[in-house]
Amino acid sequence: MPKSPSPAPARIGSTAMEDYLEQISGLIAEKGYARVVDIADRLSISQASVTNMVKRLDAEGLVNYERYRGMTLTDRGQEVADYIIRRHDLLTRFLQLFGIDDETIYDDVEGMEHHISSPTMRVFEALMRELETSPEAVKRIRADLKKS
């Protein structure tokens, strides 16, 4: 059973900032570093736009950015990124339990993840703990969904 995540960090500025932190964290996990060019490529936006946002994240104390060298997450930035990733993962796993197709899950999670409150996340976490230990309940819910 997954451990209960730490409380949500204070909200940061925008959903775009959260998307950037998620990408930066993912790149660092995959490659050991994150560069403006890699983020621009992943988000399909210009390097200039990425540079502007990275400078904002740096000013907010979420990343350490050095021009031409890339960036790292600060402790606070890592804390926020970890929460964003846990939230994304939790919502994805929740919808997967009920056999929803991957494309729908992706679209729905992208729509929900930035707008869900901490109290609602705690409800999803509690539900997941119960559902992951109660496969019969999941089967009953899936059967009920097929009827409607």
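Nothing here was measured: the structure is a model prediction, and the numbers come from that model.
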- Task: Dump the intermediate steps for side-chain hydrogen bond (donor to acceptor under 3.5 Å, both in side chains) on Asp101 and Thr104, then the final yes or no.
- Result: CA-CA 6 Å; Asp101 67 274; Thr104 301; 2.8 Å; yes

Any idea which heavy atoms bring [X] and [Y] closest together, and the distance?
{"X": "Arg142", "Y": "Gly99", "value": "NH2-CA, 3.1 Å"}
{"X": "Arg42", "Y": "Gly26", "value": "NH1-C, 4.2 Å"}
{"X": "Val54", "Y": "Val63", "value": "O-CG2, 3.7 Å"}
{"X": "Val138", "Y": "Leu131", "value": "CG2-O, 3.6 Å"}
{"X": "Tyr83", "Y": "Ser118", "value": "OH-OG, 4.0 Å"}
{"X": "Ser25", "Y": "Ala81", "value": "CB-CB, 3.8 Å"}

For [X] and [Y], indicate whether the former's side chain and the latter's backbone hold a donor-acceptor pair under 3.5 Å.
{"X": "Thr133", "Y": "Arg129", "value": "yes"}
{"X": "Thr74", "Y": "Gly61", "value": "yes"}
{"X": "Thr120", "Y": "Ile116", "value": "no"}
{"X": "Ser134", "Y": "Ala137", "value": "no"}

Find out whether [X] and [Y] are in side-chain contact, i.e. whether some heavy atom of one side chain is under 4.5 Å from a heavy atom of the other.
{"X": "His88", "Y": "Glu110", "value": "yes"}
{"X": "Leu57", "Y": "Leu73", "value": "no"}
{"X": "Thr72", "Y": "Tyr33", "value": "no"}
{"X": "Tyr20", "Y": "Leu43", "value": "yes"}
{"X": "Met17", "Y": "Glu60", "value": "yes"}
{"X": "Ile141", "Y": "Phe98", "value": "yes"}
{"X": "Glu18", "Y": "Glu113", "value": "no"}
{"X": "Met71", "Y": "Val36", "value": "yes"}

- Task: Say whether Ile85 and Phe124 are linked into one hydrophobic cluster, either directly or through other cluster members, by side-chain heavy-atom distances under 4.5 angstrom.
- Result: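 Per the 4.5 Å side-chain linkage, Ile85 and Phe124 are not co-clustered.
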
- Query: In terms of hydrophobic clustering (I, L, V, M, F, W, Y; side-chain heavy atoms under 4.5 Å; direct or indirect links), are Ile28 and Tyr65 co-clustered?
  - Reply: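 Yes, same cluster.
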
- May I ask you to decide whether Arg122 forms a salt bridge with Glu125, counting only side-chain N to carboxylate O separations under 4.0 Å?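 Looking at Glu125 together with Arg122, the answer is no, because their closest N to O distance does not fall below 4.0 Å.
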
- Salt bridge check: are Asp58 and Lys55 linked by an N-O gap of less than 4.0 Å?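 Salt bridge flag = no for Lys55 with Asp58.
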
How many angstroms lie between [atom1] in [X] and [atom2] in [Y], if you round to the nearest 0.5 Å?
{"X": "Ile100", "Y": "Leu145", "atom1": "CD1", "atom2": "CG", "result": "8.0 Å"}
{"X": "Ile45", "Y": "Asn52", "atom1": "CD1", "atom2": "CG", "result": "10.0 Å"}
{"X": "Leu91", "Y": "Gln96", "atom1": "CG", "atom2": "CD", "result": "11.0 Å"}
{"X": "Ile84", "Y": "Leu21", "atom1": "CD1", "atom2": "CG", "result": "5.0 Å"}
{"X": "Asp75", "Y": "Leu62", "atom1": "CG", "atom2": "CG", "result": "11.5 Å"}
{"X": "Lys139", "Y": "Leu97", "atom1": "NZ", "atom2": "CG", "result": "13.0 Å"}

- Query: Heavy-atom count around Glu30 CD within 6.0 Å, excluding the residue itself: above 12?
  - Reply: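 Yes.
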
- Query: Could you walk me through whether Arg69 and Arg35 pass the side-chain contact (heavy atoms from CB on, under 4.5 Å) check?
  - Reply: CA-CA 7 Å; Arg69 294 183 146 244; Arg35 298 175 309 157; over 6 Å; no

- Task: Determine whether the side chains of Asp19 and Gln23 contain a donor N or O and an acceptor N or O closer than 3.5 Å.
- Result: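 On atom types as modelled, these side chains do not qualify, holding no pair under 3.5 Å.
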
- Taking atom types as modelled and ignoring hydrogens, do the side chains of Asp89 and Thr92 form a donor-acceptor contact shorter than 3.5 angstrom?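 No, no side-chain donor-acceptor pair sits under 3.5 Å.
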
